[in-house]
Visitor: 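Got a structure for you, written out below as structure tokens; questions coming shortly.
Positions are given from 1, in the same order as the sequence printed here.
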Amino acid sequence: MAIYLYELGLHFHQITLSSLFFMQFYFNPYNTTEYVNCNDYVIANFGAVSAFYNTYNAAMDLKETIEIINPPKLGIYALSYGTYFTNTYMQLPGARYDAVILDGPLPPGRWLMEFNAIWNSHVSQDLISLCVRESSVCSEAFDSMGHYPRLIMDQLIDGSLKCLDKLPWLREENGVHLVRTYNNYLTASKDAQVLMGPFWHRMLRCTDEDATQLTTFHNQRVAADTYRSPTYDYSYGLGINILASELYSLADANSSLSYENQLVVMSRLFSDGGGQYSSSFARDVSHWPRYTPNPISRTFASPAVPVLILAGTLDPNTQFGLGKWYRGGLGVNAQLVEVPYATHGTLTATDTCVHLILTDFFTSWGTSVNTSCIYSDYYSLPDFDGSEAPAQGLSQYMFGTADVWNNGFLIDTNATNIEDETVTSSSSDCNWEDEDVEIVLGSTLAAFFVVVCLIVLFFTMKWAPKTSDGLMSDSKL
């Protein structure tokens, strides 16, 4: 049996702690009405029982479910919050598991939503510095200074950026907020990383053509974010409930950053802090009822079976160094694999190397882990020059031109529109021993669903946050 544990408060079959309001992913500090309405609804209807919806109780539910199914063997693949959840589950007396993968690791007592936007900003800067260091086109665009886009953001915040005169949407009250969310998208999406430099280059130069292309980018992102429709496998309330009590801060109420503090701290950041906004707003403005987490959710498990930790070197959501922290906490049976240039969740539709590692690990139940592809020439730098078809196709879709840097530099004239590209997977992805129960048990707290046949790629593409163009959107927990 294989268990797939996904994101915080998201994507499960049964409505739990949910409101009647569909919440947008980005928290807009300039329009909090929908959050007031949703928070008030959830508190009024579920406030008296919300403390029961916690990580520990959900882990107990999962344990009892596994006992009923009683599979011959059990493998767990956990992503993001799922890694925190799995660490709690592994500490339960009698909990069954034979091999575990923790992807996008969130170790207990270490990762906190309170400061996550600061880390997002650091990773955005790392990405731009990498672009300047490794690409002559990028280096020339920013005068060899990896911090140049940070200065552009300062000009935007201060109102002195010349592009403000050409972009009406940028002059709106939430203009800076929108740019930060776009920066999040360019950092969190592995495909879109190649557009980070070109986006800020257009912001700096801002010819009439640049302004037109930036407006096209803006319109595509707005359309993508508003395209999402209400869904019955989502619970904003469940996510906020866990964040507010377990994962926002380790400090006491008087020392942790309040919502007003967050507005000040994030006013000068390079990236947006939607998670900090929504969770601190729920705590301090809506007075969301909070509970005391079970102590084992703050301590490391001591697994006696193989555990594989996967960490992306450009993960904007769970810091790259947390992989080492998690490995040290779990002990000798934990192994860490660091995936070059990967973002949050190293398992993607196109990363064959991670697919091979995962398949090798689970089919051998952790006794064999072939990571040779990590150290081969499989991983190449992102196409910062914009000289290849995928980057040019994405540029065509997002900017309205295949000329990635808008500098007349177009090598591959056969660049395709990203909108027309599809990703397929074969049945060979479901590579499990015949004797095992081929089940995926998706669990987020109290709710579970069972699906025949484990194809992790299927889960990644179906339930990972996407935009209307089918691209991976900004990573969530």
Side-chain angles (χ1 to χ4, degrees), residues 5-12 16-18 23 27 39 42-43 46-63 78-92 95 102 104-117 119 234-259 261-262 273-301 317-319 322 325-326 329-330 344 443-447 475-477:
L5 299 170
Y6 194 41
E7 297 178 340
L8 175 55
L10 310 179
H11 314 295
F12 58 89
T16 309
L17 288 189
S18 185
M23 307 302 294
F27 182 96
N39 291 350
V42 175
I43 292 169
F46 303 104
V49 297
S50 61
F52 296 103
Y53 293 85
N54 58 61
T55 302
Y56 176 81
N57 284 348
M60 289 294 293
D61 288 345
L62 176 60
K63 178 175 175 289
L79 169 62
S80 194
Y81 165 78
T83 69
Y84 171 84
F85 179 100
T86 300
N87 179 73
T88 298
Y89 169 78
M90 289 191 295
Q91 296 178 73
L92 299 178
L102 305 176
L106 197 162
R110 184 63 178 174
W111 183 93
L112 299 170
M113 177 57 77
E114 185 177 20
F115 303 111
N116 198 50
W119 177 253
Y234 175 90
S235 173
Y236 158 85
L238 189 55
I240 291 298
N241 196 58
I242 300 294
L243 277 174
S245 295
E246 296 190 38
L247 290 170
Y248 179 74
S249 176
L250 295 178
D252 59 39
N254 295 324
S255 302
S256 60
L257 292 179
S258 67
Y259 175 67
N261 295 148
Q262 291 286 10
Q276 286 92 313
Y277 281 141
S278 57
S279 51
S280 61
F281 185 88
R283 284 164 53 107
D284 302 315
V285 179
S286 299
H287 303 293
W288 195 283
R290 303 206 295 272
Y291 57 85
T292 301
N294 189 287
I296 70 169
S297 292
R298 296 283 170 82
T299 60
F300 283 103
N317 284 55
T318 53
Q319 298 91 312
L322 293 181
W325 188 276
Y326 223 142
L330 293 177
H344 189 54
S443 161
T444 306
L445 302 185
S475 296
K476 296 184 283 185
L477 289 169

Visitor: Measuring from atom CG of Leu238 to atom OH of Tyr236, what distance do you get when rounded to the nearest 0.5 angstrom?
Guide: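 These two atoms lie 12.0 Å from each other.
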Visitor: Quick check: do Tyr326 and Pro108 have side-chain heavy atoms less than 4.5 Å from each other?
Guide: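 The answer is yes; the side chains approach within 4.5 Å.
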Visitor: List for me each residue that meets ring pair (Phe, Tyr, Trp, His ring centres under 6.0 Å) alongside Tyr56, sequence neighbours excluded, and say none if there are none.
Guide: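 Counting only residues at least two positions away or on another chain, Tyr56 forms no ring pair (Phe, Tyr, Trp, His ring centres under 6.0 Å).
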Visitor: Quick one: CG on Leu92 to CD1 on Ile296, what's the gap to the nearest 0.5 Å?
Guide: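 Spacing of CG (Leu92) from CD1 (Ile296) equals 5.0 Å.
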Visitor: What is the distance from atom CG of Leu102 to atom CE of Met90, rounded to the nearest 0.5 Å?
Guide: 5.5 Å
Visitor: Using modelled atom types and a 3.5 Å cut-off, is there a donor and acceptor pairing between side-chain atoms of Ser50 and backbone atoms of Gly47?
Guide: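 The answer is yes, because a donor-acceptor pair under 3.5 Å joins these two groups.
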Visitor: For Ser245 and Ile242, indicate whether the former's side chain and the latter's backbone hold a donor-acceptor pair under 3.5 Å.
Guide: no
Visitor: Looking at Tyr53, is its backbone amide N or carbonyl O close enough to the side chain of Asn241 to form a donor-acceptor pair, meaning the two atoms are under 3.5 Å apart?
Guide: yes
Visitor: OG of Ser256 to CG of Leu112: how many Å apart, nearest 0.5 Å?
Guide: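 Spacing of OG (Ser256) from CG (Leu112) equals 10.0 Å.
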Visitor: Ile43 versus Ser286: any side-chain heavy-atom pair under 4.5 Å?
Guide: yes
Visitor: Taking side chain to side chain contact (heavy atoms under 4.5 Å, CB included) as the definition, give me every residue that meets it alongside Leu322, ordered by chain and number, with sequence neighbours left out.
Guide: Pro107, Arg110, Trp111, Thr318, Gln319
Visitor: Find the distance between OH (Tyr89) and OG (Ser297) and round it off to the nearest 0.5 Å.
Guide: 14.5 Å
Visitor: Atom CZ in Arg283, atom CG in Asn39: separation rounded to 0.5 Å?
Guide: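 So the gap between those two atoms works out to 13.0 Å.
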Visitor: For residues Ala78 and Thr83, report the shortest heavy-atom separation together with the two atoms involved.
Guide: O-CG2, 3.5 Å
Visitor: What is the minimum heavy-atom distance between Leu250 and Gly109, and which atoms define it?
Guide: CD1-O, 3.4 Å
Visitor: Is the side chain of Glu246 donor-acceptor paired with the backbone N or O of Thr55 at a distance under 3.5 Å, no angle test?
Guide: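 Confirmed, Glu246 side chain pairs with Thr55 backbone.
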Visitor: Taking Gln276 for the side chain and Leu257 for the main chain, is one N or O donor matched with an acceptor at less than 3.5 Å?
Guide: no
Visitor: Could you report the tightest heavy-atom contact between Ile240 and Ala282, atom names first, then the distance?
Guide: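 Looking at all heavy atoms of both residues, the shortest contact is CG2-CB, 3.5 Å.
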Visitor: Should we count CH2 of Trp325 as having more than 12 external heavy atoms under 6.0 Å?
Guide: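 Not more than 12 within 6.0 Å, no.
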Visitor: Ignoring hydrogens and angles, tell me if any N or O in the side chain of Asp61 forms a donor-acceptor pair with the backbone of Ala58 under 3.5 Å.
Guide: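 No, because the side chain of Asp61 does not come within donor-acceptor range (under 3.5 Å) of the backbone of Ala58.
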Visitor: Please name the pair of heavy atoms, one in Thr299 and one in Asn87, separated by the smallest distance, quoted to 0.1 Å.
Guide: O-ND2, 2.7 Å
Visitor: side-chain contact (heavy atoms from CB on, under 4.5 Å), that's the test. Do Leu106 and Leu247 meet it? Break it down for me.
Guide: CA-CA 10 Å; Leu106 197 162; Leu247 290 170; 3.9 Å; yes
Visitor: Taking all heavy atoms of Ala244 and all of Trp288, pick out the closest pair and write down the distance.
Guide: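 That closest heavy-atom pairing would be CB-CD1, 4.5 Å.
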Visitor: Counting distance only, does the side-chain N/O of Asn54 pair as donor-acceptor with the main-chain N or O of Asn57 below 3.5 Å?
Guide: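 Indeed, once roles are kept as given, a pair shorter than 3.5 Å links the two residues.
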Visitor: Using modelled atom types only, decide if a donor and an acceptor are shared between the side chain of Gln262 and the backbone of Glu114 within a distance under 3.5 Å.
Guide: yes
Visitor: Grab the two heavy atoms, one from His344 and one from Ser80, that are nearest each other, plus how far apart they are.
Guide: NE2-OG, 2.8 Å
